[in-house]
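Heads up, the thing below is written out as structure tokens.
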Amino acid sequence: MAEIITMPRLSDTMTEGTVATWLKKVGDKVSEGDILAEIETDKATMEFESFYSGTLLHIGIEEGQSAPVDSVLAIIGPVGTDVSGVV
């Protein structure tokens with residue numbers, strides 16, 4: 001089963017975030033606690049860690065792009081999972 005990871009709300013005033021850097025790429029194994037990306041907020045750049053284990057199947061927001069809180073940031077799941085219906 002694939003897990004959808006959304007843009008987190010990293011501060012009370014945050015309405016959107018920018019992906020500064022992806023530390024994983026599609027196809028990489030991800031363990032719970034791994035740092036997936038660095039997210040820029042209106043106040044700071046923070047590391048964002050995974051709460052799931054599996055394979056990074058999809059990146060929804062590329063480096064340098066901004067998106068509202070709760071937008072699809074990434075999808076993690078078993079290798080070979082079809083995420084086209086989710087994206």
Side-chain angles (χ1 to χ4, degrees):
M1 178 171 153
E3 299 291 345
I4 298 170
I5 298 162
T6 59
M7 177 65 78
R9 182 179 308 275
L10 298 172
S11 73
D12 292 342
T13 60
M14 181 176 165
T15 58
E16 73 173 20
T18 302
V19 177
T21 307
W22 277 102
L23 302 175
K24 299 283 186 179
K25 63 182 186 298
V26 171
D28 284 355
K29 290 281 185 195
V30 176
S31 296
E32 185 177 343
D34 284 355
I35 304 300
L36 291 177
E38 294 178 344
I39 308 286
E40 294 177 359
T41 70
D42 53 341
K43 298 180 180 173
T45 300
M46 303 174 76
E47 293 179 334
F48 179 69
E49 71 179 54
S50 178
F51 298 106
Y52 306 104
S53 295
T55 300
L56 183 58
L57 302 171
H58 173 77
I59 290 177
I61 305 167
E62 297 295 330
E63 287 185 6
Q65 289 184 333
S66 298
V69 169
D70 295 331
S71 298
V72 175
L73 182 64
I75 300 174
I76 293 176
V79 173
T81 302
D82 180 12
V83 296
S84 60
V86 178
V87 179

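With sequence neighbours left out, the salt bridge (Lys or Arg N to Asp or Glu O under 4.0 Å) criterion links K43 to no other residue. Taking D34 as the reference, K24 meet the salt bridge (Lys or Arg N to Asp or Glu O under 4.0 Å) condition, with sequence neighbours excluded.
The same ILVMFWY cluster, assembled from side-chain heavy atoms under 4.5 Å apart, contains both M7 and I59. Following chains of ILVMFWY side-chain contacts shorter than 4.5 Å, one cannot reach F48 starting from I4, and the two form parts of different hydrophobic clusters. Tracing side-chain contacts under 4.5 Å through hydrophobic residues (I, L, V, M, F, W, Y), one reaches V19 starting from F51; they form part of the same cluster. A chain of hydrophobic side-chain contacts below 4.5 Å, direct or via other Ile, Leu, Val, Met, Phe, Trp or Tyr residues, connects L10 to L36. Under the 4.5 Å side-chain heavy-atom criterion for grouping Ile, Leu, Val, Met, Phe, Trp and Tyr, M14 is connected to I5 within one hydrophobic cluster.
Scanning all heavy atoms of the two residues, the minimum distance from S71 to I61 falls at CB-CD1, 4.2 Å. The two residues A2 and T81 make their nearest non-hydrogen contact at CB-CG2, 4.1 Å. The two residues P8 and V69 come nearest to each other via the heavy atoms O-CG2, 4.0 Å. Residues T6 and D70 approach most closely at CG2-O, 3.5 Å, considering heavy atoms.
Inter-residue side-chain proximity for W22 and L73 is flagged as met; some heavy-atom pair is nearer than 4.5 Å. Here the side chains of E40 and T45 are in contact, with some heavy-atom distance below 4.5 Å. Within the 4.5 Å cutoff, no side-chain heavy atoms of L56 are placed close to those of K25.
Between E63 atom CD and T18 atom OG1 the span is 12.0 Å, to the nearest 0.5 Å. Note that OG1 of T41 is 12.0 Å distant from CZ of R9, once rounded to the nearest 0.5 Å.
Panel note: side chain T55, backbone L57; no donor-acceptor pair is recorded below 3.5 Å. Using modelled atom types, one side-chain atom of S53 and one backbone atom of E32 make a donor-acceptor pair closer than 3.5 Å.
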